[in-house]
Amino acid sequence: MAVVNTRSANRQHLATSGESVTLSQPVTVAIVDDDPMVCQAMQLILTDYSNGDIRVVFTSTSGSDAVERASKELPDVILMDIAMPGMDGIEAARQLRALPRAPHVLMLTSLNPSHTVERSVEAGAEGFVSKTDAPQEIIRRVLDVCQGAPQFNVASQRQLIADLGTQRPIARRDEARRLLDSLPERERETVILAAEGYTNAQIAARMFISERTAKAHLSSAADKLCMGRVQLARLVERADLDDSM
């Protein structure tokens, strides 16, 4: 297998985006994985294929240990496994990114289970590195993240899009519930009954109030939410209240 001059390739890549970078000293990296063999393999890749651009400062098999050591040894980048006993990689990433001198964090994984990409991004991770990536690709991602370029491979991009697609209906549901919950209890009840198809007279009978009061409740709710009766009905539909009961 031919070895690419990673420093030249990286500079060419950065020049394409209009950046000019000269590495005055090696990028320092820590590797965190509960499998010592993975740590050893990644250390060999980063050391042997980076032409001196990367120096591994420590490896760790524990998220909590990695946070403690990183606060003292200050690596530039941490490759962080996700699934680990005790503190998992996502929580470790969150704590690492909260350090006074926070390292860049790339999640080190072979799989992207549902929602791990989204949760990793929320924790402050700036990308993913696959354990099966070619050495030159792993090194490129480590160097590029130091220049502020997010590092998401195709698999993690697809998973993030899928997660966002799943979360959007949930976010719309939660927003609808929040709006309904912002109404006084009696107004909220009239809105829900109206959405179920009850007339003002039927709402009044069920709530033991006058029809005029039922109409006033609906009007007040419509004014507060800036919605008509049809929009209120759609709001109740989006809230999916049966799911919350």
>> Return the CD1 to CG distance between Ile54 and Leu143, rounded to the nearest 0.5 Å.
In response: 4.5 Å
> Which pair of heavy atoms, one from Ala239 and one from Arg173, lies closest together, and at what distance?
Replying inline: O-CG, 3.4 Å
> Is the backbone N or O of Thr59 less than 3.5 Å from a side-chain atom of Arg69, with the two atoms forming a donor-acceptor pair by type?
Replying inline: yes
> Will you find, in the side chains of Ser130 and Thr132, an N or O donor that is under 3.5 Å from an N or O acceptor?
Replying inline: yes
>> Between Gln202 and Thr199 (side chain of the first, backbone of the second, donor and acceptor by atom type, cut-off under 3.5 Å), is there such a pair?
In response: yes
>> Starting from Val57, can I reach Val105 by hopping between I/L/V/M/F/W/Y residues whose side chains sit under 4.5 Å apart?
In response: no
Going by atom type alone, with no hydrogens or angles, which donor-acceptor pairs under 3.5 Å involve a side-chain atom of residues 37-45 and a protein atom two or more places apart or on another chain?
none

>> Holding to side-chain hydrogen bond (donor to acceptor under 3.5 Å, both in side chains), I want the full list of residues that pass it with Thr213, two or more places apart in sequence or in another chain.
In response: Ser210
> Does one hydrophobic cluster hold both Leu74 and Val67, with members joined at side-chain heavy-atom distances below 4.5 Å?
Replying inline: no
>> Between His104 and Glu126, does the side-chain hydrogen bond (donor to acceptor under 3.5 Å, both in side chains) criterion hold? Intermediate values first, please.
In response: CA-CA 7 Å; His104 300 281; Glu126 296 168 82; 2.9 Å; yes
> Taking atom OH of Tyr198 and atom OG1 of Thr190, what is their separation to the nearest 0.5 Å?
Replying inline: 13.5 Å
> Are the side chain of Arg188 and the backbone N or O of Ala221 linked by a donor-acceptor pair below 3.5 Å?
Replying inline: no
>> Distance check, rounded to the nearest 0.5 Å: Ile138 atom CD1 versus Gln151 atom CD?
In response: 12.5 Å
>> Going by salt bridge (Lys or Arg N to Asp or Glu O under 4.0 Å), name the pairs with one or both residues in residues 75-84, residues two or more places apart or in two chains.
In response: Asp76-Arg101, Asp81-Lys131
> Do you know the tightest heavy-atom contact between Glu187 and Leu183?
Replying inline: OE1-CD2, 4.0 Å
>> Using a 3.5 Å distance criterion without hydrogens, assess whether the side chain of Ser71 forms a donor-acceptor pair with backbone atoms of Glu68.
In response: yes
> For Asp144, which of Arg141, Gln147, Arg140 qualifies under side-chain hydrogen bond (donor to acceptor under 3.5 Å, both in side chains)?
Replying inline: Arg140
>> Grouping I, L, V, M, F, W and Y whenever their side-chain heavy atoms are under 4.5 Å apart, do Phe58 and Val56 come out in a common cluster?
In response: no
> Looking at CG of Leu235 and CG of Leu179, how far apart are the two atoms once the value is rounded to the nearest 0.5 Å?
Replying inline: 5.5 Å
> What do the steps show when you test Lys215 against Glu211 for salt bridge (Lys or Arg N to Asp or Glu O under 4.0 Å), and what is the final call?
Replying inline: CA-CA 6 Å; Lys215 185 176 181 179; Glu211 185 175 347; over 6 Å; no
